[in-house]
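Read through the structure below, which is laid out as structure tokens, and then see the notes.
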Amino acid sequence: MRAKLACQQRSRDPPKGVNLNAHITDKLEDLAEIYDKVLGDPYKAKNHNLAANAIKDLPFKATRIEQLVDPPVIPAMASKRSTVRGKINEILTTGRLQKLEELKRNDRVVAVRELTRVWGVGEAKARHLFNVGIKTVNQLRARQMIGLKYFDEFDQRMPREEASAIAGYVERAARRACPGCVAVAAGSYRRGKPTCGDLDVLISPTREWMTAESCGSLGDGRGGVSTFKDILPTVLAELRGKGVLTDDLSVGKDSYMGLARADADADGGGGMGVVPVEPARTHRRIDVKVYAPEELPFALLYFTGSGYFNRSMRYWAKRRFGLSLNDKGIFRETSNAASKVTDAEIDDEADVFEYLRLKYVAPEDRSV
DNA sequence: GGGCAGTACTG
DNA sequence: CAGTAC
DNA sequence: GCCC
């Protein structure tokens, strides 16, 4: 009964001829690859490949589905309900495969497919890369080169004065883009640490600005951008122009990660006299994020940390109230934006503590 | 509806 | 343990 | 996606 086992067969005689049916098999293989590497369905992929491989070996060019089913190239093809057979039929009759074309039009599919070609990058990692804005191998390469280029600089912490200087640039750019907005440095800086590993700057317009934004120009009519989504790009453009931002790691709709350097003319502290020595400051990791005013208290809490402090607070919220806390608000269900809790008036961090029946803890005391 | 090969390495 | 490669 |  082992006679039919593939491991008991000799490979076919014509070891391999030319594939006369590339018009069919190319599409099937493309689809299989997408099923496997993008959609996480290796068995579906396997079956498409099975059909493709069988068809490749045919000694003639197929033009009608009958040629493939009367003695079926693979057993499944004998069935009228075989979906692979349906797909092949579509290719034969229309010359196209809609399902495939549709998938190939999808951004995520294209990106994940390209990224998984890198050794060590599988479906999960590729999906993650896509989620952080890395869609091509070149973007991945660029990021890694930045990681290596600044390897030594990245594990130096910056004095808080330097963090303050960089944050000052961001704040001035933000104020120009969005008059009246707040721009605060969170993270360990806000916790009052003497040195910081990186810098998180949160930008948030005022409620007034949010309602006035649709009017296009406000106040004196200069400066200011027209809509919320223009804030981040405008701020980034100015910071790049000033040479404050030197490299981008990821640039999203309202979240930026990159490298910043306090301006060279601010002098590295060499003192007076000679010292024309290149004062170029160390490159620092910086994140800039834009939040709507009602989200700011949550974002501040989240990005001020510490990580441990956050986890303990979220743990309490969940255990005591069954609530989920993130950088945008309090939710009844994790990762369900629609379940946002709106009954409380949360204007600042203290309100969040109060809502959760916790005593307020000042930023300087959150380095637990 | 569950199985579809099994193992080794990495972090 | 999840993810990846083979 | 196919097979039991």
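Chain letters run A, B, ... following the sequence lines, proteins first and then strands; every chain starts at 1. Predicted model, so just to flag it, every value in this text is computed and none were measured.
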Roughly how many Å is it from CG in A:Asn53 to P in D:dC2, rounded to a whole number? 15 Å
Only Watson-Crick and G-U wobble pairs, only distances under 3.5 Å, only runs of 3 or more: what stems does that leave for DNA chain B? B:1-4 with D:1-4, B:6-11 with C:1-6
Footprint ends on DNA chain B, 5' to 3', for atoms under 4.0 angstrom from a heavy atom of chain A, come out as B:dC4 to B:dA5
For residues 291-302 of chain A, dump all side-chain donor-acceptor pairs below 3.5 Å to protein atoms at least two apart in sequence or in another chain.
unit_1	atom_1	unit_2	atom_2	d
A:Tyr291	OH	A:Asp327	OD2	2.5
A:Glu295	OE1	A:Ala292	N	3.2

Shortest non-hydrogen contact from A:Leu232 toward A:Val288: CD1-CG1, 3.9 Å
Qualifying residues under side chain to side chain contact (heavy atoms under 4.5 Å, CB included), relative to A:Pro159, sequence neighbours excluded: A:Glu161, A:Glu162, A:Arg284
Give the minimum heavy-atom separation between A:Arg285 and A:Leu249, together with the two atoms involved. CD-CD1, 3.6 Å
Test: A:Asp36 and A:Lys44 ion pair at under 4.0 Å: no
Establish, for the pair A:Arg172 and A:Tyr169, whether the NZ or CZ atom is under 6.0 angstrom from the six-membered ring centre and no further than 45 degrees off its axis. yes
Apply side chain to side chain donor-acceptor pair (under 3.5 Å) to A:His128 and list each qualifying residue two or more places apart in sequence or on a separate chain. none
Sorted by chain and residue number, the side chain to side chain contact (heavy atoms under 4.5 Å, CB included) partners of A:Leu50 (sequence neighbours excluded) come out as A:Asn47, A:Ile74
Given the P atoms of C:dC6 and B:dG3, what is the spacing between them in whole Å? 27 Å
Is the shortest side-chain N to carboxylate O distance from A:Lys104 to A:Asp30 below 4.0 Å? yes
Reading DNA chain C 5' to 3', which nucleotide is the first, and which the last, to come under 4.0 Å of any heavy atom in chain A? C:dG3 to C:dC6
Could you work out, with side chain to side chain donor-acceptor pair (under 3.5 Å) as the rule, every residue matching A:Ser204, not counting sequence neighbours? none
My understanding is that only residues two or more places apart in sequence, or in another chain, count here; which of them pass side chain to side chain contact (heavy atoms under 4.5 Å, CB included) with A:Ala32? A:Ala45, A:His48, A:Asn49
Expected output is a numbered-order residue list: members of residues 69-93 of chain A with a heavy atom under 4.0 Å from any atom of DNA chain C. What is it? none
With a 4.0 Å cut-off, would you call A:Asp26 and A:Lys56 a salt bridge? no
Could you tell me whether the side chains of A:Tyr256 and A:Asp287 share a donor-acceptor contact shorter than 3.5 Å? no
Using atom P in both nucleotides, what's the gap between D:dC3 and B:dA5 to the nearest angstrom? 15 Å
Just jot down the side chain to side chain contact (heavy atoms under 4.5 Å, CB included) partners of A:Ala78, sequence neighbours excluded, or say none. A:Pro72
Please list, by residue number, the residues of residues 123-134 of chain A whose heavy atoms come closer than 4.0 Å to an atom of DNA chain C; answer none if no residue qualifies. A:Glu123, A:Ala124, A:Lys125
Side chain to side chain donor-acceptor pair (under 3.5 Å), that's the test. Do A:Arg191 and A:Ser367 meet it? Break it down for me. CA-CA 7 Å; A:Arg191 298 203 307 274; A:Ser367 296; 2.6 Å; yes
To the nearest angstrom, how far is A:Lys44 atom NZ from D:dG1 atom P? 4 Å
